[in-house]
Amino acid sequence: MNGNQIKGFVKYNEIEYGFFFADEELLLFPCNEEQRQKDTPNLFDMFIAGRPQPRKVIRKILISGTTSDGKNVIFQVSEDPGNDNGYLYFHVYAIYLYTKHHHVYAKDLSTQSSVANRIRGLRIGGQDVDFFYNPAHAFEYKISRDSRFQDSVSVSNIKPMNCGMLSYGGVDISVSVCAYPAMHFQLSTPYTCSSEFIFHFSKEVQIEFVQEFIGYLQLCMRFICRRRAVVLGDAQIFDIDESEKSRSFGELCVFQFARKPSEDKKAKDVITYQMLGEHFAKLLQCFCDKVMYTNHYPVNTASYSPDRIIFLLIGFEREFQNLNPEDSYRCEEYLKVKGMIKQYADELAESTPSKREAKYAKAFSRSIGKMQIGFGDKLRRAIVEHQSIMDCFLIDEYGEEYKKQLDEICARMNKLRNDLAHGNLDLKFCPEHIGDLKMVEQLLYAMRLKAIGVEERSVRSAINTIFRCNLSLDD
């Protein structure tokens with residue numbers, strides 16, 4: 001849909017306008033001169049607008065209408081439009097183009113009825129979906145060994161591959177991925193193919209649900225691709241009829257996704273379906289549950305900027321806490337004493353007549369509740385717990401005697417984390433930190449993929465691929 005031009009009529013503030021959409025901008029045309037003059041700001045309004053105004057949050061709103069070919073359309077736009085002499089224009093964040101009803105005919109074709117379309121699933125593809133599941137699976141290659149060698153290409157048995165189940169917003173969602181072929185009679189390339197994710201919803205949902213869910217899918221694909229810019233196509237919305245067959249009736253285009261395919265050859269180095277299999281849905285579930293930290297995905301994987309370093313270290317600490325509750329690494333006596341001291345502080349805050357004493361007691365209680373082991377200790381514990389996965393990468397980075405360097409590595413990263421957190425001006429960044437940060441990022445993948453049940457062999461293969469380590473893994 002991106003790049004297409006759409007025209008028709010919409011209602012804005014209960015007034016009908018003609019519209020023209022192109023290049024992520026929606027232009028409204030007043031239906032008469034009187035309305036144009038009403039929408040034209042007067043000189044006094046323009047003078048006031050030029051003066052400093054109180055800041056306000058600009059929200060997103062929906063504008064609905066019909067297109068020139070009779071389809072229904074919903075634009076998600078900024079609530080603050082531009083104004084060009086009475087012609088309003090909006091920046092568009094997303095478009096939903098669909099048909100509200102479909103016709104159902106009687107068996108004898110004598111009568112027909114109109115039935116509302118329901119959102120029961122979606123399909124979505126894009127360059128990065130192709131990287132995740134190779135579209136070449138749509139074709140079957142055969143070589144005959146008769147009197148002479150001959151090879152042939154045919155369409156294979158198209159079968160969606162199961163990616164698992166998840167739940168979001170009270171809806172159970174089954175996930176699969178499939179490669180589809182296409183034939184072109186007037187192009188130089190007669191056959192093409194592409195891959196798509198297919199999501200089936202257990203019950204009818206609204207388009208707002210779909211857009212939120214696609215947002216979590218985008219975050220999941222960032223994890224799989226280890227980069228911020230992921231390329232996803234338009235989502236095809238479908239209903240399911242009585243015979244359990246899907247029927248597409250709508251298209252959702254979200255412009256925040258990257259639209260132009262990347263020409264970087266390294267972009268194809270992603271975690272693939274062969275590595276994740278049915279665990280893909282478990283990974284996506286983590287993002288839907290908002291337990292995954294997402295700010296550390298890089299724009300440029302070749303460098304570690306200060307903000308990327310900070311976000312990466314925050315991401316590690318959050319992931320460690322998600323996967324390692326305090327009672328899993330603290331002894332019973334420590335937890336008992338900590339609980340007793342916190343309970344005393346809470347009771348003191350409730351019983352003391354002094355507001356100042358109560359304030360301090362509450363502050364102590366919060367501080368005690370947040371007490372954790374240091375970053376270096378967390379790093380060492382994570383390395384030891386995932387040594388069977390990380391061993392080959394640690395040897396590649398630090399040598400076969402890396403275990404003797406663990407104390408030094410953890411102390412170095414602990415100091416770096418504290419210097420960044422407390423804004424120390426004498427922060428010194430040394431070349432060894434590059435390898436340390438790469439190791440922490442690899443550890444993040446090892447921790448999460450192991451936690452959702454991916455085999456260690458596949459975890460090593462995933463890390464080797466997305467970090468381009470080029471190691472020969474003997475599994």
Side-chain angles (χ1 to χ4, degrees), residues 1-2 4 6-31 35-36 38-42 44-67 71-98 100 119 122 124 168-171 204-220 222 228-230 232 234-235 237 250-259 287-290 292-295 297:
M1 190 187 302
N2 188 38
N4 293 350
I6 307 173
K7 52 185 177 293
F9 292 92
V10 295
K11 274 196 172 182
Y12 174 63
N13 289 339
E14 302 301 323
I15 300 172
E16 189 173 64
Y17 291 84
F19 78 84
F20 179 78
F21 166 81
D23 299 327
E24 301 182 32
E25 186 173 89
L26 176 66
L27 177 62
L28 301 189
F29 297 91
C31 291
Q35 183 60 47
R36 188 192 70 81
K38 288 182 180 179
D39 291 337
T40 302
N42 57 44
F44 180 75
D45 291 336
M46 295 174 65
F47 173 75
I48 294 296
R51 300 174 60 184
Q53 300 293 319
R55 293 183 180 273
K56 69 173 184 177
V57 177
I58 299 177
R59 307 185 186 280
K60 299 176 182 178
I61 60 173
L62 301 178
I63 298 179
S64 304
T66 56
T67 66
K71 292 184 178 180
N72 303 98
V73 64
I74 299 176
F75 296 96
Q76 185 185 58
V77 301
S78 166
E79 69 173 349
D80 189 23
N83 193 316
D84 183 10
N85 292 321
Y87 293 88
L88 305 178
Y89 56 92
F90 300 81
H91 175 73
V92 178
Y93 299 104
I95 304 177
Y96 178 39
L97 192 63
Y98 66 107
K100 280 186 178 180
I119 301 177
L122 69 97
I124 187 167
Y168 171 63
V171 180
E204 180 183 0
V205 301
Q206 302 301 314
I207 193 61
E208 292 81 7
F209 176 96
V210 174
Q211 187 171 350
E212 289 178 4
F213 181 74
I214 293 176
Y216 293 121
L217 174 63
Q218 181 198 29
L219 296 178
C220 184
R222 286 180 176 178
R228 184 168 294 275
V230 295
L232 294 176
D234 299 338
I237 311 299
E251 189 176 5
L252 175 65
C253 178
V254 182
F255 291 109
Q256 73 184 68
F257 303 147
R259 317 302 300 181
F287 289 92
C288 291
D289 294 340
K290 300 180 180 179
M292 295 287 286
Y293 190 78
T294 61
N295 290 331
Y297 300 126

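The structure presented is a predicted model; accordingly, all values stated were derived computationally and were not measured.
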Testing the basics here: between P81 and F90, what is the closest heavy-atom pair and its distance to 0.1 Å?
CB-CE2, 3.3 Å
Please answer whether the main-chain N or O of Y89 pairs with a side-chain N or O of D84 as donor and acceptor at a distance below 3.5 Å.
no
Would you sort out whether F75 and F19 count as a ring-ring contact (aromatic ring centres under 6.0 Å, His included), showing the intermediate values?
CA-CA 11 Å; F75 296 96; F19 78 84; 5.2 Å; yes
With side chains defined as the heavy atoms from C-beta onward, is the minimum distance between F287 and T294 less than 4.5 Å?
yes
Roughly how far, to the nearest 0.5 Å, is NZ of K60 from NE2 of H91?
8.5 Å
With no hydrogens and no angle check, just 3.5 Å: does a side-chain donor-acceptor pair link Y96 and Q211?
no
Work out which heavy atom in I58 is nearest to a heavy atom in E79; give both atom names and the distance.
CA-OE2, 3.7 Å
For the atom pair CD1 (I214) and CZ (F209), what is the distance rounded to the nearest 0.5 Å?
10.5 Å
Gap separating the CG atom of L252 from the CG atom of L122, nearest 0.5 angstrom:
8.5 Å
How far does OH of Y93 sit from CD1 of I61, to the nearest 0.5 angstrom?
10.0 Å
If the plane angle is over 60° it's perpendicular, under 30° parallel, otherwise tilted; pick one for Y87 and F29.
perpendicular
Between atom CD1 of I95 and atom CD1 of I63, what is the distance when rounded to the nearest 0.5 Å?
11.5 Å
Minimum heavy-atom distance I237-V210, with the two atoms named
CD1-CG1, 4.0 Å
Do L62 and E208 have side chains that get closer than 4.5 Å, going by heavy atoms?
yes
Taking every non-hydrogen atom, the tightest pair across P30 and G86:
CG-O, 3.5 Å
Aromatic ring pairing Y168/Y216, orientation class (parallel under 30°, perpendicular over 60°, tilted between)
perpendicular
What one should report as the nearest heavy-atom pair of C31 and E16 is SG-O, 3.3 Å
Using every non-hydrogen atom in the two residues, find where R228 and R222 come nearest and quote the distance to one decimal.
O-NE, 2.9 Å
Atom NZ of K38 and atom CD1 of I15: how far apart are they, to the nearest 0.5 Å?
7.0 Å
Test your reading of the model: is there a side-chain donor-acceptor pair from D234 to the backbone of E251, 3.5 Å cut-off?
no
If you draw a 6.0 Å radius around CZ in F9, do more than 12 non-hydrogen atoms from other residues or ligands fall strictly inside?
no
Would you check if there is a donor-acceptor pair between the side chains of D39 and Y17 at a distance under 3.5 Å?
yes
